[in-house]
Undergrad: 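Handing you a structure now.
Chain letters run A, B, ... following the sequence lines, proteins first, then strands; residues in each count from 1. Since this is a predicted model, take the numbers as computed values, not measurements. Quick note: numbers below take in every heavy atom, side chains included, and nothing from hydrogens, waters or symmetry partners.
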2 protein chains.
Amino acid sequence: MSRLPVHPTRDQIELPLVLDCLSDPTRLAIVCSLAEHEEAATELCCGDFYNFAGKSNLAYHFARLREAGLVKTRIEGTTRYMRLRRDDLDARFPGLIGAVLQAAAREAKGRDPVS
Amino acid sequence: MSRLPVHPTRDQIELPLVLDCLSDPTRLAIVCSLAEHEEAATELCCGDFYNFAGKSNLAYHFARLREAGLVKTRIEGTTRYMRLRRDDLDARFPGLIGAVLQAAAREAKGRDPVS
DNA sequence: CCCATTGTTCAAAATTCATTGAACAATTGG
DNA sequence: CCAATTGTTCAATGAATTTTGAACAATGGG
């Protein structure tokens, strides 16, 4: 693709941007998915989220996630693999991302009539 | 004043609203101040935040904080005392508000309306 | 009762955000 | 080289947020 994506360094990550990213349902869902697959060691690319939103809308959300420092993009060929920058986030804001993920899981559970 | 403010119950508090509230710098500063004065057992009213924003803008932000379940308003005479709903937040989203407050403290914004 | 204090409410303006489709760029495979 | 795949970028649109000032309401003191 055009230019390689720019990521903030660990100490350039700013709290309001992070929280703003997480306050959007689409982006929160993306982050949750990335967190789940982080353990499974499977990498996710943009195309894996086409059921979340349209293609160009996804690019917009991923750009915001990248610029906020939540997500790291690795380019391989024409696909871009995303991963949660959990270590950087934990170092900068200890416990924050974990608490958000846990809260999101709890809310999803409360809305799920099956579980 | 007109009508008494409406607050969501503990289990009506929703994560995206909470995060959206906290992602705004003005509201985050308000929440941080409330958290600090929570230990000091001093109550804060709207007027204590006049250096954060204009009067009617503050009313807007406080309304959002109330509706999101972050803040409880107690009316006494013509003044309204605000306090952080920390117990409810901790019960609903364990560790979340603490992590956010710690993260915000790290970003050192030192705007205390009282001290 | 009068009036200052404390905040809310309303409407308007300014700003920002999310979403869409079309065009574009880069890489891979045949 | 040609075509398909994968995403980005751009412009436009509509929606939601933030901000401001003026008017309003409720309380308490003199």
Undergrad: So which protein N/O to nucleotides 28-30 of chain C N/O distances come out below 3.5 Å?
TA:
none

Undergrad: Specify the separation, in whole Å, of atom CD1 of Ile75(B) and atom P of dG7(C).
TA: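 It is 11 Å, rounded to the nearest whole Å.
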Undergrad: Within residues 55-64 of chain A, which residues have any heavy atom lying less than 4.0 Å from an atom of DNA chain D?
TA: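 When residues 55-64 of chain A is checked for heavy atoms under 4.0 Å from DNA chain D, the hits, listed by number, are Lys55(A), Ser56(A), Ala59(A).
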Undergrad: Compute the bend angle of the helix from dC1(C)-dG30(D) to dG30(C)-dC1(D) from the end axes (five pairs per end), rounded to 10°.
TA: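 The two end axes of the helix from dC1(C)-dG30(D) to dG30(C)-dC1(D) meet at 20°.
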Undergrad: Which residues pass the side chain to side chain contact (heavy atoms under 4.5 Å, CB included) test with Ala91(A), not counting sequence neighbours?
TA: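 With neighbours one apart ignored, the set is Arg10(A).
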Undergrad: Side chain of His7(B), backbone of Thr73(B): donor and acceptor closer than 3.5 Å?
TA: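 Yes.
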Undergrad: Only counting residues at least two apart or in another chain, list the ones meeting side-chain hydrogen bond (donor to acceptor under 3.5 Å, both in side chains) with Asp11(A).
TA: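 Checked Asp11(A) against side-chain hydrogen bond (donor to acceptor under 3.5 Å, both in side chains); matches are Thr9(A).
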Undergrad: Using OP1 and OP2 only, check whether a side-chain N or O of Arg80(B) sits under 4.0 Å from dA26(D).
TA: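 Negative; the distance criterion is not met.
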Undergrad: Can you list everything that forms a salt bridge (charged side-chain N to carboxylate O under 4.0 Å, His left out) with Arg66(B)? Sequence neighbours excluded, please.
TA: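 In terms of salt bridge (charged side-chain N to carboxylate O under 4.0 Å, His left out), with neighbours along the sequence ignored, Arg66(B) is linked to no residue.
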Undergrad: Between Asp48(B) and Cys45(B) (side chain of the first, backbone of the second, donor and acceptor by atom type, cut-off under 3.5 Å), is there such a pair?
TA: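 The answer is yes, because a donor-acceptor pair under 3.5 Å joins these two groups.
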Undergrad: Ser56(A): which residues meet the side chain to side chain contact (heavy atoms under 4.5 Å, CB included) condition with it, sequence neighbours left out?
TA: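 Side chain to side chain contact (heavy atoms under 4.5 Å, CB included) list for Ser56(A), sorted by chain: empty.
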Undergrad: So, OP1 or OP2 of dT8(D): does either fall under 4.0 Å of a side-chain N or O from Arg66(A)?
TA: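 Affirmative; the distance criterion is met.
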Undergrad: At a heavy-atom distance below 4.0 Å, what parts of residues 42-53 of chain A sit against DNA chain C?
TA: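 Going residue by residue through residues 42-53 of chain A, none turns out to have a heavy atom under 4.0 Å of DNA chain C.
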Undergrad: In chain order, what residues pass the salt bridge (charged side-chain N to carboxylate O under 4.0 Å, His left out) check against Glu38(B), with sequence neighbours excluded?
TA: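 Scan of Glu38(B) (salt bridge (charged side-chain N to carboxylate O under 4.0 Å, His left out), adjacent residues dropped) gives Arg86(B).
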Undergrad: Looking only at heavy atoms, what is the nearest atom pair of Leu19(B) and Val100(A), with distance?
TA: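 That closest heavy-atom pairing would be CD1-CG1, 4.2 Å.
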Undergrad: Are Leu84(A) and Leu17(A) connected in a single hydrophobic cluster, I mean Ile/Leu/Val/Met/Phe/Trp/Tyr linked by side-chain heavy atoms less than 4.5 Å apart?
TA: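 As far as the 4.5 Å side-chain criterion goes, Leu84(A) and Leu17(A) are not connected within one cluster.
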Undergrad: Would you mind reading off the distance between Leu19(A) atom CG and dC17(C) atom P, rounded to a whole angstrom?
TA: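 Distance check: Leu19(A) CG to dC17(C) P gives 14 Å.
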Undergrad: Is Tyr50(A) reachable from Phe62(A) through a run of hydrophobic residues whose side-chain heavy atoms are each under 4.5 Å from the next?
TA: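 Yes; Tyr50(A) is reachable from Phe62(A) via cluster members.
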Undergrad: Under the salt bridge (charged side-chain N to carboxylate O under 4.0 Å, His left out) definition, can you give me all pairs with a residue in residues 90-105 of chain A, not counting sequence neighbours?
TA: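 Matches after skipping sequence neighbours: Arg92(A)-Glu107(B).
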Undergrad: For Leu65(B) and dT17(D), what is the distance between atoms CG and P respectively, to the nearest whole Å?
TA: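 Nearest whole value for this atom pair: 14 Å.
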Undergrad: Excluding sequence neighbours, so at least two apart, what forms side chain to side chain contact (heavy atoms under 4.5 Å, CB included) with Glu43(B)?
TA: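 Side chain to side chain contact (heavy atoms under 4.5 Å, CB included) list for Glu43(B), sorted by chain: Arg74(B), Tyr81(B).
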Undergrad: Tell me: CZ of Arg74(B) to C1' of dT27(D), nearest whole Å?
TA: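 Whole-Å distance recorded here is 15 Å.
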Undergrad: Rounded to the nearest Å, what distance is computed from the CG atom of residue Asp24(A) to the P atom of nucleotide dT17(D)?
TA: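 Value for this atom pair: 11 Å.
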Undergrad: Roughly how many Å is it from CG in Leu22(B) to C1' in dT17(D), rounded to a whole number?
TA: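 Value for this atom pair: 16 Å.
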Undergrad: Which atom pairs, one a donor and one an acceptor, fall under 3.5 Å between side chains of residues 24-34 of chain A and the rest of the protein, sequence neighbours left out?
TA:
| unit_1 | atom_1 | unit_2 | atom_2 | d |
| --- | --- | --- | --- | --- |
| Asp24(A) | OD2 | Thr26(A) | N | 3.0 |
| Asp24(A) | OD2 | Arg27(A) | N | 3.1 |
| Arg27(A) | NE | Cys21(A) | O | 3.1 |
| Arg27(A) | NH1 | His61(A) | ND1 | 3.1 |
| Arg27(A) | NH2 | Asp20(A) | O | 3.4 |
| Ser33(A) | OG | Ala29(A) | O | 3.3 |

Undergrad: How many whole angstroms separate atom CG of Leu28(B) from atom P of dT18(D)?
TA: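 Going from CG in Leu28(B) over to P in dT18(D) covers 13 Å.
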Undergrad: Quick one: do Tyr60(B) and Val71(B) end up in the same hydrophobic cluster if we chain Ile, Leu, Val, Met, Phe, Trp and Tyr together by side-chain heavy atoms under 4.5 Å apart?
TA: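 No, Tyr60(B) and Val71(B) fall in different hydrophobic clusters.
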